J.: 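Got a structure here, written out as structure tokens. Questions coming.
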Amino acid sequence: MVLEKIGEGLREALRKIARVGYIDKNVIDELVKDIQRSLLLGDVDVKLVFELTKRIKERALNEKPQPGITPKEHIVNIVYQELVNFVGKKPEIELKPRKIMLIGLFGSGKTTTIGKLAKFYQKRGLRCALIGCDVHRPAAMDQLQQISNLINVPCYAPKDIKDPIEIAKKGIELFEKNYDLLIFDTSGRNALDKELANELKKLGEFIKPNEVLLTIPADIGQAARIQAEEFKKLVGITGIIITKMDGTAKGGGALTACAVTGVQVKWIGVGEKLDALEQFDPERFISRLIGFGDLQSLLEKARDVISEEKAKEITENISKGKLTMDDFLFQLESFQKMGSIKSITEMLPGFSLPKNIDLSKQEEKMKKWKYAIQSMTKKERENPEIIDSSRISRISRGSGVPESEIRDLLKTYEQMKKMIKLTSGKKRGLIGNLMKKFKMFKGLL
Ligand code: GDP
Ligand code: MG
């Protein structure tokens, strides 16, 4: 998983929002602190983190949600949007480049990424060829050759030529006619020095690539900013590839540091294998990172269940210690509407159902209770205490639900009433109430 730690922190922070009763300044303060903590742990620059959370806070406190959006959805949307902006703009990736040159320091992942890129473009129907211009590292030519064998593309990587421009020239002559895309490997050193800058500059001037992509390993964290800026200044780059995003907690630092340089991150490397390369898409990236889809559906489901007014009415009844059969039915229905109990509880951290429970049976039972309640008279529904055995027989005949199950229902109703008396009076919002309901049912299962 990419950026596991940051993702965990952010997801937990946002799920807290889903769980609280209502949004107020304290909730927002806490959210902001949680976000700061997760990002700082991921080596994101302190100043950037504070700028980001300041924006989130200002928007959360000042912007009104659009009609039809609940305050919680509104907050979650703001955090999502700001995080998307935080990691950069969506890059344009040229789908039919003629020549791509990869540059970057030693070990940053150039040669591996060349294989990945060739594979990507090959899948899209381009005929690719690789040209090895890393004349400094002895094993570099063999490595490129091996990679090219793996993906079945031709490679020109001579070991006896020491001038990268000469190799580039011969490679171009060799492949230009019959191939759509030429990808050039270059040498890297331990630091970007004058000599390396010169070599890359001259090589670039000769090749005239459509893309000069800089590889930066994610594990250098926020130091990526300096590296990106230096390369940009000395040789010019059209995009960045952050490699090794899979193996470090510092990827968030690298990513956000690059975003501020104005050079776009176009790709991210997420593993050693040759298909472990992704086009960088900020929306998709953040969405996955914070589990945005799940969050949204959780919030939407919660919204479908109860209208605010009805919830208020019931809460008022309940706080008076009153529970009609209609309220009870309403609770059953809202509970059912939330979908399969299991899928809901899986979305709520810290809430687990006891094992070995047959949930489909439970839902079946609720259906029968519903029929039984519908067979009750208005008087019985308002005052379930009056339901004696002769009424039970009548309800059973009317609804087709066995008497034993109606007794069960009445017992459950009584238990719920007791629990409501115990838990009423505390201030809780919509979700709080839902959670309370879950707990009631959990107790009954
Ligand atoms: P170069 O010196 O810049 O050409 O770097 P290499 O392509 O030789 O890569 C250096 C090391 O990093 C190799 O062991 C690669 O397998 C590894 N590597 C490259 N990209 C990734 C990546 O995205 N994830 C992981 N885990 N390893 C990578
Ligand atoms: Mg290499």
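Quick caveat: nothing in here was measured; it's all calculated off a predicted structure. If you read the sequence from its start, that first residue is 1, and numbering goes on from there. Just so you know, ligand 1 is whichever comes first in the structure, and atom 1 is the first atom listed for that ligand.
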J.: Does the distance from a Lys or Arg side-chain N to an Asp or Glu carboxylate O, for E211 and K266, drop under 4.0 Å?
T.: yes
J.: Is any side-chain heavy atom of I103 closer than 4.5 Å to one of L213?
T.: no
J.: Counting non-hydrogen protein atoms only, what is the nearest one to atom 4 (O) of ligand 1? Give residue, atom name and distance.
T.: T111 OG1, 2.7 Å
J.: Measuring from the heavy atoms of I268, does anything fall under 4.0 Å of ligand 1?
T.: no
J.: Under 4.5 Å between any side-chain heavy atoms of L61 and K25, yes or no?
T.: yes
J.: Under 4.0 Å, counting heavy atoms only: does V270 come that close to any atom of ligand 1?
T.: yes
J.: What part of T112 sits under 4.0 Å from ligand 1 if we count only heavy atoms: the side chain, the backbone, both or neither?
T.: both
J.: So which protein heavy atom does atom 8 (O) of ligand 1 come closest to, and at what separation?
T.: Q143 NE2, 3.0 Å
J.: Using a heavy-atom cut-off of under 4.0 Å, does the side chain or the backbone of R189 touch ligand 1, or both, or neither?
T.: neither
J.: Are any of the N/O atoms in K116 less than 3.5 Å from those in ligand 1?
T.: yes
J.: Is A276 close enough to touch ligand 1? Criterion: a residue heavy atom under 4.0 Å from a ligand atom.
T.: no
J.: I need the contact type for T215 against ligand 1. Using non-hydrogen atoms and a strict under-4.0 Å cut-off, is it side chain, backbone, both or neither?
T.: neither
J.: If we count only N and O atoms by modelled type, under 3.5 Å, do the side chains of Q81 and R59 hold a donor and an acceptor together?
T.: yes
J.: Taking atom types as modelled and ignoring hydrogens, do the side chains of S187 and E199 form a donor-acceptor contact shorter than 3.5 angstrom?
T.: yes
J.: Tally every protein N/O/S atom whose distance to the Mg ion (ligand 2) is less than 2.8 Å; waters are neither shown nor counted.
T.: 1
J.: Name the closest protein heavy atom to atom 23 (O) of ligand 1, giving the residue it belongs to and the distance to 0.1 Å.
T.: K244 N, 3.0 Å
J.: So which protein heavy atom does atom 22 (C) of ligand 1 come closest to, and at what separation?
T.: G271 O, 3.1 Å
J.: Between D281 and K90 (salt bridge meaning N to carboxylate O under 4.0 Å), is one present in this structure?
T.: yes
J.: So, regarding S108 and ligand 1 (criterion: nitrogen or oxygen to nitrogen or oxygen, under 3.5 Å), is there a contact or not?
T.: yes
J.: May I ask you to say whether K16 pairs ionically with D34, meaning some side-chain N is under 4.0 Å from a carboxylate O?
T.: yes
J.: Does F206 have more than 12 heavy atoms from other residues, nucleotides or ligands lying within 6.0 Å of its CZ?
T.: yes
J.: Is it true that E229 and R225 make a salt bridge, defined as a side-chain N closer than 4.0 Å to a carboxylate O?
T.: yes
J.: Do R288 and F292 form a cation-pi contact, if we require the NZ or CZ to be under 6.0 Å from the six-membered ring centre and within 45 degrees of the ring's axis?
T.: no
J.: Does D29 pair with K33 as a salt bridge, N-O distance under 4.0 Å?
T.: no
J.: Are the side chains of Y179 and R127 in touch, meaning some heavy atoms are under 4.5 Å apart?
T.: yes
J.: Write out the residue and atom name of the closest protein heavy atom to atom 27 (N) of ligand 1, then the distance separating them to 0.1 Å.
T.: E272 CG, 3.3 Å
J.: For the residue pair T186 / D134, report whether a side-chain donor-acceptor contact shorter than 3.5 Å exists.
T.: no
J.: Does D294 come within less than 4.0 Å of R11, counting only side-chain N to carboxylate O?
T.: no
J.: Would G107 count as a polar contact of ligand 1, with the cut-off being nitrogen or oxygen pairs under 3.5 Å?
T.: yes
J.: Side chain, backbone, both or neither: which applies to M245 and ligand 1 if a contact is any heavy-atom pair less than 4.0 Å apart?
T.: neither
J.: Among protein heavy atoms, which sits nearest to atom 5 (O) of ligand 1, and what does the distance come to when rounded to 0.1 Å?
T.: G109 N, 2.9 Å
J.: For atom 26 (N) of ligand 1, find the nearest protein heavy atom and state the residue, atom name and distance (0.1 Å precision).
T.: D246 OD2, 2.8 Å
J.: Give the atom numbers and elements of ligand 1 that come within less than 4.0 Å of a heavy atom of L105.
T.: 3 (O)
J.: For a 4.5 angstrom cut-off between non-hydrogen side-chain atoms, does L31 reach K57?
T.: no
J.: Which ligand 1 atoms are under 4.0 Å away from a heavy-atom of G269?
T.: 23 (O)
